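Predicted model, so just to flag it, every value in this text is computed and none were measured. Read the numbers this way: they start at 1 and go in the same order the structure lists the ligands and their atoms.
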Amino acid sequence: MPGKSGAVDVTHIENETQMAKIFCIANQKGGVGKTTTTVNLAAGLAKVGQRVLMVDLDPQGNATMGSGVDKRKLELTVYDVLLESASIADARATSEKLIAGGCSYDILGANRELAGAEVELVELDRREKRLKQALAVVGTQYDFVLIDCPPSLSMLTLNGLCCAHGVIVPMQCEYFALEGLTDLVNTIKQVKANLNDDLQIIGLLRVMFDPRITLQQQVSDQLKTHFADKVFDTVIPRNVRLAEAPSYGVPGVVFDPSSKGAQAFVTFAQEMVDRVRAM
Ligand code: ADP
Ligand code: MG
């Protein structure tokens with residue numbers, strides 16, 4: 001697009017034609033901080049100037065509600081996109097609360113209806129590539145697409161993994177944290193071999209971290225030793241403001257920007273921007 005001086009604004013053109021980087025936030029365990037990571041990273045990325053689409057792939061719809069969109073009132077959701085009865089451009093929503101908070105991102109929401117997609121998709125062709133195809137149409141409108149996965153390695157998660165450039169794995173530094181990781185790593189290997197050659201684990205994100213607990217410090221050190229640069233530098237602390245935010249329908253980054261948890265997610269957003277530049 002010509003600028004005031006008549007010169008061509010190259011950065012703008014590049015952004016318009018470049019496909020967004022797509023990341024799944026996945027871990028087949030429930031309650032490990034996937035949704036908290038998804039909505040706060042989305043808000044953090046928006047805060048540092050990135051254009052973000054958040055996709056809720058969990059029928060619980062927590063990421064939808066936690067972004068200020070009422071899942072019960074949605075006419076179109078990711079379910080319609082997966083069954084190809086709507087495009088993402090038709091189904092995506094914006095949130096007044098996010099706009100008011102100055103950290104706005106688009107939301108492809110989910111509700112209980114999505115639980116049915118699991119069964120319905122089995123019958124259909126290209127069943128694991130539905131989301132990928134839909135994202136191809138709007139991908140250039142965003143810098144980042146973040147996909148909040150359900151706590152399973154289901155057809156829904158598979159749709160996420162098929163279109164992603166990478167997986168972000170939130171984990172608590174507990175004794176059994178590494179056990180569940182084996183299944184996820186094997187699934188990612190299989191998807192990479194058969195369906196999506198791009199796929200890799202971008203990083204393990206230590207969440208709900210309490211440095212006063214010796215065991216957490218020890219597990220954290222072990223993670224660093226075993227996984228080296230696959231462990232993100234940023235650590236997300238246990239912070240009550242992050243847990244309170246969903247009941248107000250906003251990410252912690254919007255709810256209380258000065259809280260330790262919010263600040264950590266903005267730092268993490270910047271770390272992701274830097275990683276993507278190096279990809
Ligand atoms: P998942 O999506 O993996 O099931 P959630 O993101 O919903 O996990 O988190 C599970 C619970 O832990 C929620 O009640 C959430 O508010 C809380 N929580 C997540 N991260 C933090 C944190 N860093 N500090 C305090 N509470 C957290
Ligand atoms: Mg969740």
Under 3.5 Å, is there a donor-acceptor pair linking the side chains of [X] and [Y]?
| X | Y | answer |
| --- | --- | --- |
| Thr35 | Asp148 | yes |
| Thr64 | Asp56 | yes |
| Glu271 | Thr234 | yes |

Legend entry - Under 3.5 Å donor-acceptor, Thr36 side chain and Gly33 backbone: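 Not at all, since once roles are kept as given, no pair shorter than 3.5 Å links the two residues.
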Legend entry - Donor-acceptor under 3.5 Å (Gln200 side chain, Gly166 main chain):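 Not confirmed, Gln200 side chain does not pair with Gly166 backbone.
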Legend entry - For ligand 1, the residues whose heavy atoms come within less than 4.0 Å (ordered by chain, then number): Gly30, Gly31, Val32, Gly33, Lys34, Thr35, Thr36, Met208, Ile236, Pro237, Arg238, Asn239, Leu242, Ala243
Legend entry - Residue pairs passing the salt bridge (Lys or Arg N to Asp or Glu O under 4.0 Å) test where at least one lies in residues 96-117, sequence neighbours excluded: none
Legend entry - Lys189, NZ: over 12 other non-hydrogen atoms inside 6.0 angstrom: no
Inset, instruction - Determine, using the 4.5 Å side-chain heavy-atom cutoff (strictly less than), whether Ile99 and Val254 are members of one ILVMFWY cluster. - result: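 No, separate clusters.
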Legend entry - Residues forming a side-chain contact (heavy atoms from CB on, under 4.5 Å) with Leu124, sequence neighbours excluded: Leu83, Leu121, Arg130
Legend entry - Near the Mg ion (ligand 2) (under 2.8 Å) - protein N, O or S atoms: Thr35 OG1
